[in-house]
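One structure below.
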Amino acid sequence: MKRVIPPVKGTRDFYPEQMALRTWLYGMMRQVSESFGYQEYEAPILESLELYAAKSGEELVKEQAYVFTDRGGDAITLRPELTPSLARMVAQRQKELVFPLRWWSFGPFWRYERPQKGRTREFFQWNVDMIGVNSPEADAEIVAVLVSFFRQVGLRPEQVLVMVNNRRLMDARFDAFEIPPTMRPAVSTWIDRREKMEPKEWLAYGREIGLSERQLGQIGEMLEDRELWRRSEELIRFFAATQAMGIGDYVRFEPSIVRGLLYYTGTVIEAWEVGGEIKRAILGGGRYDNLLADVGGEPLPGVGFAMGDVVITLILEKYGLLPQNLNVYPARILVTVFDQDHLLESFKLADELRSAGLKVACYPEAAKLPRQFRYADRMGMQAVLVLGPDEMANGTVTVKDLRQGAQVQVARREAAAFLKEMLARRA
RNA sequence: GUGCCCAUAGUUCAAUCGGCGGAACGUCUGACUGUGGAUCAGAAGGAUGUGGGUUCGAGCCCCACUGGGCACCCCA
């Protein structure tokens with residue numbers, strides 16, 4: 001065979017089977033989002049580099065974003081995340097939008113990375129955000145939306161958990177430990193690294209970034225403190241709200257959650273698989289109270305999260321929660337073409353059935369009947385219709401039920417009703 | 001961007017020490033001239049990812065590239 005041009009590295013082809021799965025996921029997200037009153041929106045795939053330059057984090061913009069110069073000489077980015085676009089869209093219509101604003105979206109994103117398990121270069125992401133309120137209860141609602149999704153797809157708290165921390169709480173502790181603001185990004189990275197390193201190594205790394213022995217001890221102790229959240233008024237209210245909303249069993253305080261994005265200001269969240277087999281965050285999010293002002297709007301607080309399709313699919317697969325019988329073949333009925341002389345009459349019959357509201361495929365040429373029946377079988381059809389000389393002579397069509405193997409002749413004008421009843425019986 | 005592993009028919013995989021590339025499934029044809037699946041018979045299908053090197057001889061050994069997998073980095 002000649003060489004087929006391969007797909008771009010890190011992209012995935014969605015054949016009908018995969019597309020059905022993506023559509024299913026999308027449907028779950030829509031159902032959950034709308035149940036909380038969120039409105040769907042979409043932003044452009046292309047954004048100016050400037051939009052991300054300020055706040056998305058060095059690594060994300062400088063090393064992972066797809067950036068190119070367009071024919072007009074502008075620096076354009078394939079969006080690596082949605083939140084800056086959302087901030088821009090809200091800032092543009094800030095005076096006329098109704099707040100608090102609840103919006104959700106599902107679409108493609110790009111990051112230039114080495115593809116591996118749970119990570120591709122092109123991926124789809126579900127974004128849910130509430131803008132215009134800065135209460136901890138709003139943070140809790142955002143978490144309730146994603147927990148509602150977990151429940152909807154059948155994930156239990158023994159399988160996935162939402163880890164919660166708060167940047168202001170951490171800043172207060174860093175103040176108390178006399179860690180200067182300039183050191184904090186490095187300290188955050190260091191904290192994030194703890195689970196992955198040997199304790200000795202980790203401490204050595206801490207000294208390397210300039211922490212004193214006293215500070216090392218204080219931070220180590222802080223990370224063990226499961227009650228630390230009681231020092232944060234915001235987290236006290238947050239956890240009270242999650243209890244009230246009945247999602248407490250999915251939510252844990254976790255002081256080592258820091259998140260890489262620079263624009264988070266308060267509560268931050270990440271969801272992880274409990275078994276620890278899939279070592280990748282299922283989703284991430286948090287409160288960003290300065291982002292609107294940063295893209296040129298009036299100050300307005302926001303909170304939200306993003307979940308990628310790749311990791312959640314791995315999780316669902318691991319726990320056997322992917323749907324099994326997705327509808328890959330829409331039509332359940334095939335109209336065969338008896339021979340060249342009956343071709344147009346078959347097309348006409350198919351049209352009559354569609355007008356009656358049925359999903360019908362017609363074989364597109366005169367071929368041997370066995371071939372047409374085999375086609376119907378492989379396309380998962382339930383009924384095959386034959387319109388030959390006998391049927392034409394007495395105004396009938398022959399309907400064969402592929403599941404049962406039996407066939408009958410019915411009056412052509414009653415065919416649609418007959419088929420509807422047959423399909424309903426099977427459903 | 002760094003490291004390790006992998007690449008043979010449409011698919012999943014064989015091929016002994018470096019010695020004429022095979023099987024299963026799938027596909028196509030027929031058994032069946034107005035009927036799918038099951039069964040049986042037959043057929044087609046490959047410059048062994050690309051480019052170089054070693055050798056009398058390379059699917060097999062060496063190098064580079066491309067793609068894939070895994071880990072790091074980072075993150076959805």
Side-chain angles (χ1 to χ4, degrees), chain A residues 1-12 15 25 29 56-65 79-83 105-128 146 188-189 192-193 196-197 257-261 269-273 278-285 304-315 334-339 342 363 366-393 397-409:
Chain A
M1 197 180 81
K2 278 186 277 185
R3 176 178 162 277
V4 178
I5 295 167
V8 171
K9 181 175 181 144
T11 61
R12 293 164 293 164
Y15 288 83
L25 255 187
M29 291 163 180
S56 289
E58 295 259 319
E59 173 98 15
L60 184 59
V61 177
K62 288 191 179 157
E63 290 172 37
Q64 296 185 349
R79 63 183 190 186
E81 58 159 336
L82 188 61
T83 312
S105 186
F106 180 71
F109 296 85
W110 293 266
R111 292 182 192 175
Y112 192 84
E113 302 182 276
R114 279 287 282 269
Q116 57 187 266
K117 190 170 188 170
R119 190 173 73 187
T120 57
R121 287 182 172 179
E122 179 182 63
F123 57 97
F124 284 74
Q125 205 172 256
W126 179 37
N127 278 260
V128 179
L146 67 92
S188 294
T189 305
D192 194 45
R193 211 60 61 79
K196 296 173 183 170
M197 299 177 84
I257 296 294
V258 289
R259 312 262 330 127
L261 296 175
I269 61 170
E270 271 177 17
W272 288 83
E273 190 234 338
I278 296 166
K279 297 180 172 49
R280 213 168 276 285
I282 301 168
L283 57 86
F305 71 87
M307 182 177 85
D309 68 312
V310 184
V311 178
I312 191 65
T313 301
L314 281 178
I315 303 277
L334 179 76
V335 176
T336 58
V337 175
F338 188 80
D339 57 23
H342 292 78
Y363 206 84
K368 289 180 179 174
L369 275 182
R371 167 175 287 276
Q372 299 186 51
F373 269 80
R374 191 157 14 110
Y375 177 78
D377 188 51
R378 289 180 190 179
M379 295 294 284
M381 302 277 184
Q382 192 172 334
V384 176
L385 273 57
V386 179
L387 187 56
D390 297 349
E391 289 84 356
M392 286 303 290
V397 296
T398 296
V399 178
K400 178 163 184 176
D401 184 331
L402 286 188
R403 307 269 173 90
Q404 307 206 324
Q407 67 180 40
V408 291
Q409 280 196 19

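The sequence lines fix the lettering, A, B, ..., with proteins before strands; numbering per chain opens at 1. Nothing here was measured: the structure is a model prediction, and the numbers come from that model.
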Please tell me which of Q372(A) and T120(A) maps to the more 5' nucleotide of RNA chain B, matching each residue to the nucleotide holding its nearest heavy atom.
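Of the two residues, Q372(A) wins.
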Want to settle it: does T11(A) or I282(A) sit nearer the 5' end of RNA chain B, counting the closest nucleotide to each?
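Looking at the nearest nucleotide for each, T11(A) comes out on the 5' side.
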To the nearest 0.5 angstrom, please state how far the CZ atom of F106(A) sits from the CE atom of M29(A).
5.0 Å
Using 0.5 Å steps for rounding, measure from the CZ atom of F305(A) to the CD atom of Q125(A).
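Nearest 0.5 Å value for the CZ-CD distance: 10.0 Å.
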For [N] and [M], measure between their [atom1] atoms and round to the nearest Å.
| N | M | atom1 | value |
| --- | --- | --- | --- |
| C61(B) | U55(B) | C1' | 10 Å |
| G45(B) | A64(B) | C1' | 32 Å |
| A24(B) | U33(B) | C1' | 34 Å |
| G1(B) | C62(B) | P | 25 Å |
| U50(B) | C60(B) | P | 11 Å |
| G68(B) | G26(B) | C1' | 23 Å |
| U29(B) | G37(B) | P | 12 Å |
| G42(B) | U48(B) | C1' | 27 Å |

Identify whether a stacking contact exists between F338(A) and G34(B), where the ring centres must be under 5.5 Å apart and the planes under 30° apart.
no
Listed partners of [X] passing side chain to side chain contact (heavy atoms under 4.5 Å, CB included), at least two apart:
| X | answer |
| --- | --- |
| R12(A) | F14(A), T120(A), F123(A), F124(A), D309(A), V310(A) |
| K9(A) | P115(A), R121(A) |
| L314(A) | K117(A), I278(A), E317(A) |
| Q409(A) | E391(A), N394(A), T396(A), T398(A) |

Do [X] and [N] have a side chain to base donor-acceptor pair shorter than 3.5 Å?
| X | N | result |
| --- | --- | --- |
| E122(A) | A76(B) | no |
| Q407(A) | U35(B) | yes |
| R111(A) | A76(B) | yes |

What integer distance in Å separates [X]:[atom1] from [N]:[atom2]?
| X | N | atom1 | atom2 | result |
| --- | --- | --- | --- | --- |
| I278(A) | A76(B) | CD1 | C1' | 13 Å |
| Y112(A) | U2(B) | OH | P | 11 Å |
| L369(A) | U35(B) | CG | C1' | 6 Å |
| R12(A) | G67(B) | CZ | P | 18 Å |
| K279(A) | A76(B) | NZ | P | 18 Å |
| I269(A) | A76(B) | CD1 | C1' | 12 Å |
| Y363(A) | G36(B) | OH | P | 14 Å |
| Y15(A) | G10(B) | OH | P | 14 Å |

Base, sugar-phosphate or nothing for [X]? Non-hydrogen atoms, less than 4.0 Å.
| X | result |
| --- | --- |
| T189(A) | sugar-phosphate |
| A376(A) | nothing |
| D390(A) | base |
| L283(A) | sugar-phosphate |

Nearest to the side chain of [X], which nucleotide is it out of [options]?
| X | options | value |
| --- | --- | --- |
| R371(A) | C28(B), C74(B), G36(B) | C28(B) |
| R378(A) | A76(B), U27(B), A71(B) | U27(B) |
| Q64(A) | U29(B), A76(B), C74(B) | C74(B) |
| D377(A) | G37(B), G34(B), G69(B) | G37(B) |
| K400(A) | A76(B), G36(B), G34(B) | G36(B) |
| R280(A) | A76(B), C75(B), G34(B) | C75(B) |

Please write out the pairs of protein N or O atoms and N or O atoms of nucleotides 30-33 of chain B separated by less than 3.5 Å, giving the distance to one decimal.
from: G30(B); atom 1: OP1; to: K368(A); atom 2: NZ; distance (Å): 3.1

Watson-Crick and G-U pairing of RNA chain B, under 3.5 Å, as dot-bracket with | and [ ]
(((((((..((((.....[..)))).(((((.......))))).....(((((..]....))))))))))))....
Heavy-atom side-chain contact between V335(A) and L387(A) under 4.5 Å:
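Sidechains of L387(A) and V335(A): no contact.
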Kindly indicate whether the side chain of L146(A), heavy atoms from C-beta on, has any atom under 4.5 Å from the side chain of I269(A).
yes
Report yes if a side-chain nitrogen or oxygen of [X] is closer than 4.0 Å to either non-bridging phosphate oxygen (OP1 or OP2) of [N]; otherwise report no.
| X | N | value |
| --- | --- | --- |
| R193(A) | C74(B) | yes |
| Q116(A) | A71(B) | yes |
| R374(A) | U27(B) | no |
| K9(A) | U66(B) | no |

For [X], give me all partners under side chain to side chain donor-acceptor pair (under 3.5 Å), at least two apart in sequence or on another chain.
| X | answer |
| --- | --- |
| Q372(A) | none |
| T336(A) | none |
| Q407(A) | none |

For G118(A) against V311(A), the heavy-atom pair lying closest together:
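Of all heavy-atom pairs spanning G118(A) and V311(A), the closest is O-CG2, 3.5 Å.
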Scan nucleotides 3-8 of chain B against the protein and return all N/O pairs shorter than 3.5 Å with their distances rounded to 0.1 Å.
from: G3(B); atom 1: O6; to: R114(A); atom 2: NH2; distance (Å): 2.9

Between R280(A) and Q116(A), do the side chains contain an N or O donor and an N or O acceptor separated by less than 3.5 Å?
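A pair is found: one side chain offers a donor N or O, the other an acceptor, under 3.5 Å apart.
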Contacts of F338(A) that satisfy ring-ring contact (aromatic ring centres under 6.0 Å, His included) - sequence neighbours left out
H342(A)
Please answer whether the main-chain N or O of R114(A) pairs with a side-chain N or O of R119(A) as donor and acceptor at a distance below 3.5 Å.
yes
Tell me whether A47(B) sits syn or anti, counting syn as a glycosidic angle within 90° of 0.
syn
